[in-house]
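Input: a single structure, listed below in structure tokens.
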Amino acid sequence: MATRIQLGNDVSWELVYKRNNVERLKRDKFPLGIVDELPQMIETGYEDIPEEDMVRLYWYGIAHDKPKVGTFMVRLKVPCGIVTPAQMRGVGLISERYGDNYGELTTRMGIQLHHVRLEHLPDVLQAIQDTGLTTTGAEGDTVRNITGCPLSGIQPEEVFDVRPYIDQAHQFFTGNRTYSDLPRKFKLTFSACPHQCSGPHFHDVAFLAVIHEGQPGFTVRVGGGLSSTPRLSRDLRMFVPEDQAIAVLQTLLDIWREDLTYRLSRPKSRLKFLVDDYGPDAVRAMVEERMGRRFQELAAPEPVPGDLAHLGVHAQKQEGLFSMGYAVPQGWVSGTQLQQLADVLDEVGGHARFTRQQNFILADIPEARLGWVEAQVEEIGFSLKRNRVFGHSVACTDHRYCNYSVAETKNKAQEILEELDRRFGDEVEEGLSLYVDGCPHACAHHWVGNIGLQGTSIQAENGERIEAYDISLRGGLGNEAAIGKPLLRRIPSEQATEVVMRLVEAWLTERRAQSNGAAARYTFRDFCDNHSDEELKAIALGTEVEEVDLSDRVILQLSGPLLHFTGGIEQYEARPIQARTVRSLIQGLLRRYKALEPQILDEKGEPVEHVLIFVNEEDIRGLQGLDTRLQAGDHVFILPALSGG
Ligand code: HEM
Ligand code: SF4
């Protein structure tokens, strides 16, 4: 057992209160309960409500649309995004009646309303409660809406159904005084989808379902988060039996909330900083020490390439039932549409799921009713035929409602996506995601979009402020999980669309040149990986670039069962400078497809017995093994030994 680790032992509450206003306002009057004061606030009038009480309202998912406009955003929690038709109808009615008939599906699988007047808040909260949903803890220093794969419980490939754990955690943490006084917000996901579509890499804590030695349980990743200091979560390399999941979660939260270091400064308070400070091994040791037990060592599974948005029609694990995933541009859905969708779902006994990509999926649709549902939903305004790039893309709530926004988001994303659709049509349906944020807070996760736009501004010569974007490339989720690199700075808004078009055009040109099978799976991220930063910048800015000539590359070819771990991609290319030997070529390959590693290398980093590696048809065992040197034009093949290659 590790030695006792002293946490935050030189920080006093006195210092915390001195440094951190939010901690002080929590001490002075704890935010849970502030809604009981709404009648007084209404009487006082919007203008005279103390700003501290406005902050306390966050704990109930209520925030200014923008200071001084006098209306509010109300954010609902929807655990795992799963809603009944009755709940959709209820929320739709509330939106119609109190929220200007406007709704936004959110990146945490929830939904939020805007335009709600102060005097209507009590009725709105009551009406939400009547639907069985809640806003409690949708903002503030709480456990936020808990996410998962939107196909949880119905996807044939899932490891097991994690909905009971999501429900249990939601019940336990919602409104729980102790866990509503965290150092900062806390984002949790339970992932059982092989593609890890819910984004465990950017969550504070992610439980990844596994069956280990016949026992269901979870591996745990911790310390992910975006905003202006993005981090990918780190693997605790431990196997948590399923009945211990909530206890481990509680312990992690206790370690963090009791360490006053993380209450001193809001920008340094997220769990990711604790994980930075101690490292995953020490965090795991702390959990084990507190729980007085050890957990088995087990690495988190690597995501298998595949569709992260679950768009289109898919058979469920329940025989005869199907899911229908709709691309919803910018998550825009009106109250009327929510009610109309609810009516359709009632007709066929289905329900809906809101997704991280601000889309919805209709679930439990009987096969015989698919055509009817599709026609009805088309009339409501959503189409299965809509270009899927809309469904792979997200944008934050926008300058109309958010005070931090420095550039258009939803409308800009819409403009770019419409142009992509117009120019490239179904060629951009798969392999590309565009995430747009109005500021560094990254509510729409621009760091992990394949193309990420973050609003910024520049000053024109006449001193006028012009909206602009920093554009990140090389980001992704699932098997492409990585924080993007802001390669293009301060691109004026009016040029941003064209910059994206140039990049996409160059990607598609390369993709068209690939063999049929590979073309479909050559993603935008692959394109970025195949180019240097300078090349990408030149392409984006429209400067002359040299043709990409594959004869100056080393090409690696995979086949058979190995393709399962690359999403079917059989070819990987590298420049000789990045692949001087077979070893460095394979290291590059494994950086892209981590799930492939145990299939190719053993613990000592040597080829496993059941694969054979050839360079231009020569078995490397007859050459210098993994140290065999490579040059431009070489072809390397990795074949399962039994294929006879
Ligand atoms: C200090 C200010 C804020 C910070 C640091 C912040 C940060 C974030 C971050 C990092 C997320 C990503 C959620 C995730 O990781 O899953 C998020 C979600 C979101 N934020 Fe903010 N945000 C702030 C203020 C606002 C405001 C003022 C609004 C709107 C009025 C807003 C709207 C949203 C929306 C719509 C989401 C997605 C909602 C959800 O899925 O729960 N944010 N925020
Ligand atoms: S990313 Fe910035 S602009 Fe967009 S909703 Fe979040 S805080 Fe507002």
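Counting convention: from 1, in listed order, for ligands and their atoms alike. As the structure is a prediction and not an experimental result, all values here were calculated from the model.
Every atom of ligand 2 with a heavy atom of H441 under 4.0 Å away is listed here by number and element: 2 (Fe), 7 (S). Listed by atom number, the atoms of ligand 2 under 4.0 Å from A442 heavy atoms are 1 (S). Close approach to S405 involves these atoms of ligand 2, each under 4.0 Å from a residue heavy atom: 3 (S).
In this structure, CD on E429 lies 14.0 Å from CZ on F424, to the nearest 0.5 angstrom.
Taking both residues in full, the closest heavy atoms of Y262 and S269 are given as O-CB, 3.0 Å, listed atom of the first, atom of the second, then distance.
Ring pair F382/Y326 is perpendicular by interplanar angle, where above 60° counts as perpendicular and below 30° as parallel.
In summary, C396 places no N/O/S atom under 2.8 Å from atom 8 (Fe) of ligand 2, failing the contact criterion.
At a heavy-atom cutoff of 4.0 Å, ligand 2 is contacted by both the backbone and the side chain of C439.
When each of D130, I111, T131 is tested with Q87 by the rule side chain to side chain contact (heavy atoms under 4.5 Å, CB included), just one qualifies, namely T131.
The shortest separation from a heavy atom of T397 to ligand 2 is under 4.0 Å, placing the residue in contact.
No side-chain donor from either of H115 and R117 sits under 3.5 Å from a side-chain acceptor of the other.
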